[in-house]
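Data first, discussion second: the structure below is written as structure tokens.
For the single chain, residues carry numbers from 1 onward in sequence order.
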Amino acid sequence: MTHDALKLTTYLGERDRAHGAFAADALAALYARHGLHTSIVLRGAQGFGAAHGLRTDRLLTLSEDLPVVSIAVDAAERMAPVAAEARALLSKGLVTTERAQLLEGAAFPAEAKLTLYLGRGDAHRAAVSALRRHGVAGATVLLGVDGTAGGERRRATFFGANPDVPMMVLSVGDGGALAAAAAELAPSFATVERVRVLRRDGAAVGSPDHDGAPGSRQKITVYSREPGRLVGALRDAGAVGATALRGIWGYHGDHEPHGDVLWQVRRRAPMVTVAVDAPENVARWWPAVERATAHAGLVTTETLPAAPLASRCERLRTTG
């Protein structure tokens with residue numbers, strides 16, 4: 001396997017269909033058929049797309065079609081034919097590609113995102129502790145409901161322990177700190193990507209100005225804690241779409257690692273909110289992100305390729 005990897009990410013609705021099946025299930029089957037090293041299906045907590053219909057698990061009437069994020073990662077040359085088949089499957093949604101390096105032999109940039117792909121169990125808490133001990137700015141654990149691990153499909157069942165169902169740990173911060181943590185953890189599969197940190201613990205540490213090629217897209221990711229109103233604020237501010245994923249464990253900044261516990265009245269799970277849009281649109285709704293992270297939170301930006309992957313999927317809306 002080469003060091004160059006490609007990450008294919010699809011944002012869609014839970015009830016979206018593809019060739020007679022649910023689209024997320026069809027994608028997971030496709031990735032398993034190709035024996036992709038790692039893929040994961042994440043069920044969102046809130047979100048909206050180009051039609052601006054809000055879906056949230058907070059209200060029963062709006063929770064029947066929650067957002068879903070499907071991610072597949074493998075060597076770049078293996079991903080190319082899979083991406084073409086994924087395009088053919090979908091009639092709606094948003095598909096993006098992101099360049100990454102496999103951890104072995106990776107060169108960490110000054111600011112980076114390290115993604116660990118693990119099975120279920122207690123290993124994620126040890127990983128988060130190590131990342132925090134090495135001074136990494138933040139880490140969030142996201143629990144998958146389906147996916148592939150080592151090329152084999154692993155789907156969660158209601159009554160099983162599901163030890164091999166994939167989960168992912170997203171960590172962001174200084175490249176040197178991430179490299180040191182990765183050396184200690186020695187995960188079986190992980191990727192490194194370039195990011196820029198824009199806000200941390202209420203303070204601006206970078207500019208949201210887009211530095212990509214003409215026509216490229218901007219991905220803004222906000223790491224925060226429940227309860228949050230960011231998705232609604234982004235919708236009101238005119239973002240083309242956003243998806244919020246609820247983590248099971250994590251931290252950002254100087255906060256202690258946290259997650260939901262049974263006796264809490266108010267949820268305090270870590271949240272990851274992702275919005276992909278044209279840079280001129282990001283500039284319009286960026287103040288909503290600043291307001292939502294005025295006192296806490298971690299915000300990053302990434303540049304995505306310009307060419308849309310699926311011509312039949314929802315196009316990113318731009319305004320003049």
Side-chain angles (χ1 to χ4, degrees), residues 1-11 27 30-31 34-40 42 69-87 90 93-117 136-137 139-140 142 147-148 166 168-176 178-179 182 187-198 206 208-221 223 243 245 272 274-279 282 299-311 313 316:
M1 185 180 289
T2 68
H3 296 321
D4 293 327
L6 190 69
K7 181 167 72 174
L8 185 70
T9 304
T10 307
Y11 303 86
L27 287 172
L30 169 66
Y31 302 151
H34 281 269
L36 294 187
H37 192 287
T38 297
S39 68
I40 185 170
L42 304 167
V69 179
S70 175
I71 300 170
V73 186
D74 210 319
E77 66 271 14
R78 297 199 66 209
M79 288 298 301
V82 180
E85 289 192 50
R87 287 197 297 266
L90 301 172
L94 172 65
V95 185
T96 68
T97 53
E98 295 159 81
R99 291 180 292 272
Q101 298 179 76
L102 300 178
L103 178 60
E104 184 180 358
F108 281 79
E111 293 180 310
K113 176 170 65 177
L114 172 67
T115 305
L116 311 176
Y117 295 89
V136 174
T140 303
L142 300 173
T148 57
M168 61 193 297
V169 182
L170 291 175
S171 56
V172 173
D174 174 77
L178 287 167
S188 59
F189 191 79
T191 58
V192 178
E193 297 164 78
R194 184 183 302 275
V195 301
R196 286 193 295 122
V197 177
L198 302 182
D209 294 341
H210 186 60
D211 59 1
S216 59
R217 307 298 179 180
Q218 195 168 0
K219 175 182 175 181
I220 301 293
T221 305
Y223 302 85
T243 300
L245 302 164
V272 179
V274 180
V276 179
D277 212 333
V282 173
V299 185
T300 66
T301 182
E302 299 167 72
T303 299
L304 304 183
L309 276 182
S311 59
C313 290
L316 288 173

- Message: On a heavy-atom basis, which atom in G212 and which in T303 lie closest, and how many Å separate them?
- Response: CA-CG2, 3.8 Å
- Task: Mind checking the CZ-CG spacing from R217 to L94? Nearest 0.5 Å is all I need.
- Result: 9.5 Å
- Item | Gap separating the CG atom of L114 from the CG atom of L103, nearest 0.5 angstrom | 6.5 Å
- Message: For L8 versus A83, what's the shortest heavy-atom pair and its separation?
- Response: CD2-CA, 4.0 Å
- Task: Would you check if the side chain of D74 reaches a backbone N or O of H37 as a donor-acceptor pair within less than 3.5 Å?
- Result: yes
- Is it true that a side-chain atom of Q218 and a backbone atom of P208 form a donor plus acceptor pair closer than 3.5 Å? yes
- Message: If the condition is side chain to side chain contact (heavy atoms under 4.5 Å, CB included), which residues does A137 pass it with, not counting sequence neighbours?
- Response: R200, L298
- Message: Which residues pass the side chain to side chain contact (heavy atoms under 4.5 Å, CB included) test with A275, not counting sequence neighbours?
- Response: L234, A242, W285
- With sequence neighbours excluded, tell me which residues meet ring-ring contact (aromatic ring centres under 6.0 Å, His included) with Y117. F189
- Item | Over all atoms of both residues, closest heavy-atom pair of F108 and A182 | CZ-CB, 4.3 Å
- Task: Starting from the C-alpha separation in whole Å, work towards a yes-or-no answer on side chain to side chain contact (heavy atoms under 4.5 Å, CB included) for E98 and L304.
- Result: CA-CA 6 Å; E98 295 159 81; L304 304 183; 3.3 Å; yes
- Message: Would you say H34 and T148 are linked by a side-chain donor-acceptor pair, where the criterion is simply a distance under 3.5 Å?
- Response: no
- Query: Which residues pass the side chain to side chain contact (heavy atoms under 4.5 Å, CB included) test with L170, sequence neighbours left out?
  - Reply: K113, T115, L142, M168, Y223, V272
- Kindly write out the residues that satisfy side-chain hydrogen bond (donor to acceptor under 3.5 Å, both in side chains) with T243, not counting sequence neighbours, or none if the list is empty. none
- A112 to L178 - nearest heavy-atom pair and separation: O-CD1, 3.2 Å
Side-chain donor/acceptor pairs under 3.5 Å, residues 191-198, sequence neighbours excluded:
| unit_1 | atom_1 | unit_2 | atom_2 | d |
| --- | --- | --- | --- | --- |
| E193 | OE1 | K7 | NZ | 3.4 |
| E193 | OE2 | K7 | NZ | 3.2 |
| R196 | NH1 | S207 | O | 2.8 |
| R196 | NH2 | D209 | O | 2.8 |

- Between the main-chain N or O of V73 and the side-chain N or O of T38, is there a donor-acceptor pair closer than 3.5 Å? no
- Which residues pass the side chain to side chain contact (heavy atoms under 4.5 Å, CB included) test with A72, sequence neighbours left out? Y31, L36, S39, M79
- Might you point out which heavy atoms bring A86 and L30 nearest each other, and give the distance in Å? N-CD2, 3.8 Å
- Message: Under the side chain to side chain donor-acceptor pair (under 3.5 Å) definition, can you give me all pairs with a residue in residues 99-110, not counting sequence neighbours?
- Response: none
